[in-house]
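To start, the structure under review is shown below, and the notes come after it.
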Amino acid sequence: MAPAAYTADELAQRFGLRLHGDGAVRVDGVGTLARAGASQLAFLANPKYRGQLAQSQAGIVVMREDDANGYERTAIIARDPYAAFARISALFEPRPARDAGVHASAVIDPSASVDASAHIGPFVSIGARSRVEAGAVIGAGTVIGEDCVVGAGSELIARVTLVARVRLGQRVVIHPGAVLGAAGFGLAMEAGRWLNVPQLGGVVVGDDCEIGANTCIDRGAIEDTVLEEDVRLDNLIQIGHNVVIGAHTAIAGCAAVAGSARIGRYCLIGGAAGVVGHLEICDKVVVTAMSLVTSSIREPGEYSSGTPLMDNRSWRKNAARFKQLDALARRIGGRGTSD
């Protein structure tokens, strides 16, 4: 199938943006500002790449109005070029056809409910009392356990596991290998041996969330683990039991959130960051990569911890000095410090 092609005028009208230059220029794909060809669309959002604009061969460039002053080729003007590019580039993303129906190899419990417009792929298993709503796509090898709900228009791409009591809202996307609703890490010590605490809650995922590959979200111990609407989780993230993540928060890969932590709305958690359990992070907090949050954050802002990379010799010297800080503080203060 030939790729879809659009003129600059069509794109500007479709997305409510302003056209600069020749509206008849046609593109059938996207590229970077430096490498795009005459039939591709690129964008300029970061000022540090402005120097590439004069040499760019892109047929159309999405940019701010200030950057278009004096630009002699075709542009689409947007207040936020990156967001506009994201919307436009979705037109060129190839999406496989997903016909409604149930593959012959799928196994569906008699008490489960599957809407006639849903797509159930090969080797899917759907457990007792679970429900798949209109237009949902359940990809190959996915396992849906008991008492789960997959909301309308949601897509479980492949090999996703919903263990038990997982309720997905509408238009949720879950990437391969993700596991939702596994037992949370609840343990009690009795007579020198660990005793598992039953995890009786579930997982609730709001509308328009996206969950990355091989990410794990544990079900709650008593109440549910909750992701509010439009939460975005990257790959390889661990979300512990009874965690609550506020709407529109995004968490980058390899981060971990321990049980019963509460993260606010519009937060950004960097890659490999850790959040200790039973604390609260307020709305609009940025936690930079590889930071460890050990106490509640009450004020919006950007927070960091950890030591930046340096050459090994400098690191060894600084590590040795770090051990001496307490003694140095005692000498300077002239008195003992409390632990």
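Heavy atoms only: backbone and side chains are in, while hydrogens, waters and symmetry mates are out.
Atom CZ of Arg232 sits in a crowded spot, with more than 12 heavy atoms from other residues, nucleotides or ligands closer than 6.0 Å. Within 6.0 Å of atom CZ in Arg18, more than 12 heavy atoms from other residues, nucleotides or ligands are found, so the atom counts as buried in its surroundings. For Arg298, the CZ atom sits in a packed shell: over 12 heavy atoms of surrounding residues, nucleotides or ligands are nearer than 6.0 Å. Surrounding CD of Glu72 are at most 12 heavy atoms belonging to other residues, nucleotides or ligands under 6.0 Å away. The local environment of CZ in Arg262 is sparse, with at most 12 non-hydrogen atoms from other residues, nucleotides or ligands closer than 6.0 Å. Heavy atoms from other residues, nucleotides or ligands lying under 6.0 Å from CZ of Phe92 number more than 12. Counting non-hydrogen atoms of other residues, nucleotides and ligands closer than 6.0 Å to CZ of Arg87 gives a total of 12 or fewer. By the neighbour-count criterion of 12 heavy atoms within 6.0 Å, atom CG of Leu200 is densely surrounded, having more than that number from other residues, nucleotides or ligands.
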Subject >> Derivation of the side-chain contact (heavy atoms from CB on, under 4.5 Å) call for Ile222 and Gln199 >> reply: CA-CA 6 Å; Ile222 299 175; Gln199 304 294 287; over 6 Å; no
**OP:** Take Asp224 and Arg219 through the test salt bridge (Lys or Arg N to Asp or Glu O under 4.0 Å) and record every step on the way to the result.
**Re:** CA-CA 6 Å; Asp224 296 326; Arg219 67 178 184 263; over 6 Å; no
**OP:** Would you sort out whether Glu302 and Lys284 count as a salt bridge (Lys or Arg N to Asp or Glu O under 4.0 Å), showing the intermediate values?
**Re:** CA-CA 9 Å; Glu302 185 169 336; Lys284 298 182 179 180; over 6 Å; no
Original post:
Taking it one step at a time, do Arg129 and Asp147 satisfy salt bridge (Lys or Arg N to Asp or Glu O under 4.0 Å)?
Top reply: CA-CA 5 Å; Arg129 300 173 301 281; Asp147 301 302; 2.7 Å; yes
**OP:** Test Leu11 against Leu91 for side-chain contact (heavy atoms from CB on, under 4.5 Å), laying out the working first.
**Re:** CA-CA 10 Å; Leu11 293 174; Leu91 297 174; 3.6 Å; yes
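Under the 3.5 Å distance criterion, the side-chain polar atoms of Gln40 are matched with a main-chain donor or acceptor of Val30. Under the 3.5 Å distance criterion, the side-chain polar atoms of His119 are left unmatched by any main-chain donor or acceptor of Arg98. A donor-acceptor pair under 3.5 Å is formed between the side chain of Ser56 and the backbone N or O of Leu33. A distance-only check finds a donor-acceptor pair linking the side chain of Asn242 to the backbone of Glu223 [under 3.5 Å]. Looking only at distances, a side-chain donor or acceptor of Ser305 sits under 3.5 Å from a matching main-chain atom of Leu292. Put simply, the side chain of Glu155 never gets that close to the backbone of Gly153: no donor and acceptor are under 3.5 Å apart. Looking at Asp80, its side chain does come within 3.5 Å of a backbone N or O of Ala83 through a donor-acceptor pair.
Val149 and Ile217 are assigned to two separate hydrophobic clusters, defined by single-linkage of ILVMFWY side chains at heavy-atom distances under 4.5 Å. Residue Ile251 is grouped with residue Val285 when hydrophobic side chains (ILVMFWY) are merged at heavy-atom distances under 4.5 angstrom, including chains of intermediate members. At a threshold of 4.5 Å between side-chain heavy atoms, the hydrophobic network of Ile, Leu, Val, Met, Phe, Trp and Tyr places Ile237 and Val276 in one connected group.
For the pairing with Cys267, the side chain to side chain contact (heavy atoms under 4.5 Å, CB included) check across Ile245, Ile281, Val287, Val231 returns one residue only, Ile281. Among Val163, Leu162, Val132, Leu168, the single residue meeting the side chain to side chain contact (heavy atoms under 4.5 Å, CB included) criterion with Cys148 is Leu162.
To the nearest 0.5 angstrom, Ile138 atom CD1 is 4.5 Å from Leu156 atom CG. Of the inter-residue distances, the one linking Phe185 atom CZ with Asn196 atom CG reads 9.0 Å to the nearest 0.5 angstrom. For the atom pair OG of Ser105 and CD1 of Ile120, the computed distance is 11.0 Å after rounding to the nearest 0.5 Å. Atom CZ in Arg265 sits 6.5 Å away from atom CG in Asp283 (nearest 0.5 Å). In this structure, CG on Asn318 lies 8.5 Å from OG1 on Thr307, to the nearest 0.5 angstrom. Rounding to the nearest 0.5 Å gives a distance of 9.5 Å between SG of Cys254 and CE of Met290.
The two atoms that bring Gly59 and Val25 nearest to each other are O-CG1, 3.5 Å, heavy atoms only. Leu44 and Val61 make their closest contact through N-CG1, 4.1 Å (heavy atoms, listed as atom of the first residue, atom of the second, distance). Here the shortest heavy-atom pairing between Thr215 and Asn235 reads OG1-C, 3.5 Å.
Salt-bridge annotation for Asp208 and Arg171: present, with a side-chain N of the basic residue lying under 4.0 Å from a carboxylate O of the acidic one.
Contact annotation: the side chain of Val107 never approaches that of Val124 to less than 4.5 Å [non-hydrogen atoms, C-beta and beyond]. Contact annotation: the side chain of His20 never approaches that of Ile76 to less than 4.5 Å [non-hydrogen atoms, C-beta and beyond].
Counting only N and O atoms by type, the side chains of Ser111 and Asp109 include a donor and acceptor under 3.5 Å apart. Side-chain contact of Asp218 with Gln238: a donor-acceptor pair under 3.5 Å is present, judged by distance alone. Glu210 and His175 share a side-chain donor-acceptor pair at under 3.5 Å.
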